[in-house]
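Notes follow once the structure below has been shown.
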There are 2 protein chains.
Amino acid sequence: MNKPITIKEIARDLGVSFSTVSKSLNDSSEISEKTKKKVKEYAALRGYTPNQIALSLKNSATYTIGVIIPDIQNSFFASVLKNIEIHAKSYGYRIVTFFTNETLKEEEESLKILSKGLVDGLIVCPSDETFKKKKFDHFNAIKNMNTPVLIFDRVDDNLEFDSVSVDDYKSIISALDYLYEKGARDIVLASAIPDVSVGKKRKEAFEKFITDNPEVNGTILEADDNTVLKSMLYEALDTKKVDAVLGVDIESTSLANAVVSMLGKTYKEEISLIGYVNKQFNRLIHPRVSYINQYPEKIGQIAVDMIVDKIKIGNSKLLNKEVIETTLAIKDTSR
Amino acid sequence: MNKPITIKEIARDLGVSFSTVSKSLNDSSEISEKTKKKVKEYAALRGYTPNQIALSLKNSATYTIGVIIPDIQNSFFASVLKNIEIHAKSYGYRIVTFFTNETLKEEEESLKILSKGLVDGLIVCPSDETFKKKKFDHFNAIKNMNTPVLIFDRVDDNLEFDSVSVDDYKSIISALDYLYEKGARDIVLASAIPDVSVGKKRKEAFEKFITDNPEVNGTILEADDNTVLKSMLYEALDTKKVDAVLGVDIESTSLANAVVSMLGKTYKEEISLIGYVNKQFNRLIHPRVSYINQYPEKIGQIAVDMIVDKIKIGNSKLLNKEVIETTLAIKDTSR
DNA sequence: TTGTATGCGTTATCAA
DNA sequence: TTGATAACGCATACAA
């Protein structure tokens with residue numbers, strides 16, 4: 001249980017100055033090959049490894065990106081996080097992750113802690129409660145610090161930061177166009193995120209489509225409580241004529257899927273289902289759900305690219321808002 | 001984009017020494033109330049917050065726990081991670097997470113990076129490949145450092161560290177006892193983790209049960225490739241008489257569930273399914289899968305308790321190996 | 001070629 | 001009551 005060896009100790013043991021050791025280990029041309037060799041060999045022998053904390057202080061850089069996500073159990077966020085980590089690694093960055101569990105309080109705390117010089121940049125997806133309570137002060141507070149911030153997925157006009165998100169409007173219209181073409185006229189929109197920005201945008205797109213196509217009978221079912229949403233879905237699918245369900249998030253989509261299964265309905269014949277889920281989700285169930293691919297890999301990659309850019313170049317005045325094009329992946333659950 | 005303000009700058013602005021500022025902010029009794037008030041007010045005004053990196057260097061403590069897990073997309077690990085994070089927070093610790101994607105290489109790199117003074121302790125679940133290649137040198141290397149390490153879930157005799165895991169043997173026997181009692185005699189064990197310690201232990205328990213109960217016809221299907229395992233399951237369930245499937249991990253269980261659904265078989269009537277899945281997994285599907293609850297919350301909590309203990313008390317010679325008792329949760333998929 | 005001094009932001013010890 | 005100085009571990013400009 002020996003404490004990690006430091007440059008000073010190596011210097012002492014070798015009878016040289018600690019700057020000689022430092023230079024040797026960094027392969028400085030100032031030092032003779034002979035000394036370098038001696039130092040390096042001893043350092044290797046003792047398992048020397050530079051203390052990252054000291055380096056961070058010295059360089060005022062932590063090589064760490066902070067990530068704040070609402071819920072790791074949500075497979076969309078899990079997938080984005082995974083890809084953020086992979087991509088950050090390739091840039092030589094680590095990630096420190098905070099989960100807010102969709103609460104404002106934990107989000108505020110996370111932002112506060114991470115703005116104390118622990119990270120070089122921040123990738124954040126705001127919590128449900130943040131939108132519900134329309135509290136964005138903690139974000140504005142961090143805008144005055146020099147830590148670059150990037151928002152992903154749940155972008156909002158109140159959050160004046162760079163961002164990566166998907167084409168909510170277009171994706172809904174594409175899905176509805178598809179369902180319409182296949183004959184669906186009674187369509188349900190299900191949402192477990194009525195307050196969140198993306199939930200609102202997707203709902204607006206749905207409403208627009210209904211207005212533009214009066215022959216379509218649209219129903220919106222939304223509740224952030226799963227039990228409530230599930231019974232709403234159950235009642236609707238049990239008592240009304242429903243040709244298709246469009247789920248704006250993983251929760252609502254999986255609930256719809258379960259309800260269809262509970263009611264013994266068959267996909268393709270009786271009903272269609274399209275949702276904002278992902279491959280990972282789809283691997284678990286049968287039949288596969290048709291889905292709007294949000295390309296979480298791309299979101300993660302672009303998020304890291306953008307934040308690393310900001311870390312290196314520094315903040316610019318202009319906001320950079322990336323929008324990822326989704327695609328519709330048709331599976332067994334949609335005719 | 002002002003850089004965060006430091007004690008020195010406050011001292012300069014206020015015309016006092018920086019040690020006075022430090023003491024004031026720490027409410028030292030040495031400083032007059034008047035000065036303290038002045039300093040605190042100005043610090044608050046300028047949004048001063050102590051630099052955590054400097055504190056870490058000063059205190060040789062990072063208040064950070066490193067977590068290394070094989071795959072965040074696996075909902076068991078996601079659940080454990082979530083609970084590690086929640087519990088660590090309550091102790092005032094952050095977590096920095098590395099994902100190995102079940103590879104030895106990324107595990108080695110993660111251990112190497114995290115042993116450079118970045119964390120006060122390490123919670124690790126080794127990768128599949130580590131077991132496959134029986135390479136544990138990188139773990140032994142870190143044993144010589146002063147960073148405490150704790151292994152969770154995939155414990156192994158080659159890994160001489162404290163650990164938290166579940167009662168693999170007992171849980172399998174309980175599940176088999178249950179199935180046996182309900183009349184199952186043709187039982188399939190499915191595993192997507194044949195090389196991993198827990199996979200092996202669960203398989204051994206299964207084999208023991210078969211030996212002890214010769215009237216039971218046991219079949220073991222294992223492959224770490226999902227496609228392969230899926231077709232093995234398909235063939236077995238399609239051509240042979242199978243009363244029950246026991247999945248030793250989430251992958252194999254979800255594959256079995258999908259195959260049953262593909263073959264149009266009905267649970268309770270024709271076949272039973274029990275697996276090492278969790279609530280989170282079960283919420284997504286219908287009908288619910290009977291499962292062996294490994295209590296990921298407990299695993300996360302105990303892991304943090306143990307590592308925080310070791311960080312504070314220091315390493316002891318005796319190994320502490322916690323074993324969590326699982327329970328069997330019977331759902332619609334098992335008669 | 002090697003050694004000394006400085007600073008990154010803190011806290012703590014000691015001096016004034 | 002306040003201030004100066006050292007130390008945490010490192011890299012680097014400067015001195016020898």
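Residue numbers begin at 1 in each chain, while the letters A, B, ... track the order of the sequences.
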Considering only heavy atoms from C-beta outward, does the side chain of Ile53(B) approach that of Ile53(A) to under 4.5 Å? yes
Return the residues of residues 51-63 of chain B meeting this criterion: a heavy atom under 4.0 Å from some atom of DNA chain C. Order them by number, or give none. Asn51(B), Ala54(B), Leu55(B), Lys58(B)
Please give, in whole Å, the distance from dT1(D) C1' to Lys36(B) NZ? 11 Å
Would Asp27(B) and Lys36(B) count as a salt bridge (Lys or Arg N to Asp or Glu O under 4.0 Å) if you check the C-alpha gap in whole Å, the side-chain angles of each, and the deciding distance to 0.1 Å? CA-CA 7 Å; Asp27(B) 232 344; Lys36(B) 277 201 247 179; 3.2 Å; yes
Smallest heavy-atom separation, Pro126(A) atom then Phe152(A) atom, equals CD-O, 4.5 Å
If the condition is side chain to side chain contact (heavy atoms under 4.5 Å, CB included), which residues does Lys112(A) pass it with, not counting sequence neighbours? none
Whether the side chain of Arg154(B) engages the backbone of Ser197(B) through a donor-acceptor N/O pair (distance < 3.5 Å, no angle test) should be reported. no
Quick one: are Arg12(B) and Phe18(B) in side-chain contact, heavy atoms under 4.5 Å? no
Per the salt bridge (Lys or Arg N to Asp or Glu O under 4.0 Å) rule, which among Lys38(B), Lys8(B), Arg46(B) passes with Asp13(B)? Arg46(B)
Rounded to whole Å, how long is the line connecting atom CZ of Arg46(A) with atom C1' of dG9(D)? 16 Å
May I have the distance from Lys8(A) (atom NZ) to dA7(D) (atom C1'), rounded to whole angstrom? 7 Å
The test is salt bridge (Lys or Arg N to Asp or Glu O under 4.0 Å); show your working for Lys89(B) and Glu106(A) and say whether it passes. CA-CA 10 Å; Lys89(B) 249 185 210 169; Glu106(A) 291 186 75; 2.8 Å; yes
So, does Thr6(A) get its side chain near the phosphate of dG9(D), meaning an N or O under 4.0 Å from OP1 or OP2? no
Interatomic distance, Lys23(B) NZ vs dT1(D) C1' [rounded to whole Å]: 9 Å
Report yes or no: does Asn101(B) contribute a side-chain atom to a donor-acceptor pair with the main-chain N or O of Thr103(B) at less than 3.5 Å? no
Here the distance between atom P of dT12(D) and atom CD of Glu30(A), to the nearest Å, is 10 Å
In residues 11-21 of chain A, what residues come within less than 4.0 Å of DNA chain C, judged by heavy atoms? Val16(A), Ser17(A), Phe18(A), Ser19(A), Thr20(A)
Out of dA11(D), dG3(D), dT1(D), whichever nucleotide has its closest atom nearest the side chain of Ile7(A): dA11(D)
Once you apply a heavy-atom cut-off of 4.0 Å, does Ser22(B) come out as touching a base, just sugar-phosphate, or nothing? base
Is a donor on one side and an acceptor on the other found under 3.5 Å between the side chain of Asn83(B) and the backbone of Ser79(B)? yes
Checking Glu85(A) side chain against Phe99(B) main chain: does a donor-acceptor pair fall under 3.5 Å? yes
Has Lys40(B) got more than 12 heavy atoms of other residues, nucleotides or ligands less than 6.0 Å from its NZ? yes
Outermost DNA chain C nucleotides near chain B [under 4.0 Å, heavy atoms]: dC8(C) to dC14(C)
Under the rule for side chain to side chain contact (heavy atoms under 4.5 Å, CB included), what residues qualify as partners of Lys37(B), not counting sequence neighbours? Glu41(B)
I'd like to know if the side chain of Lys143(A) and the backbone of His138(A) have a donor-acceptor N/O pair within less than 3.5 Å. no
For the helix from dT1(C)-dA16(D) to dA16(C)-dT1(D), measure the angle between the helix axis at one end and the axis at the other, each built from five pairs, rounding to 10°. 70°
Give Thr35(B) one of three labels, base, sugar-phosphate or nothing, depending on what nucleic acid heavy atoms sit under 4.0 Å from its own. sugar-phosphate
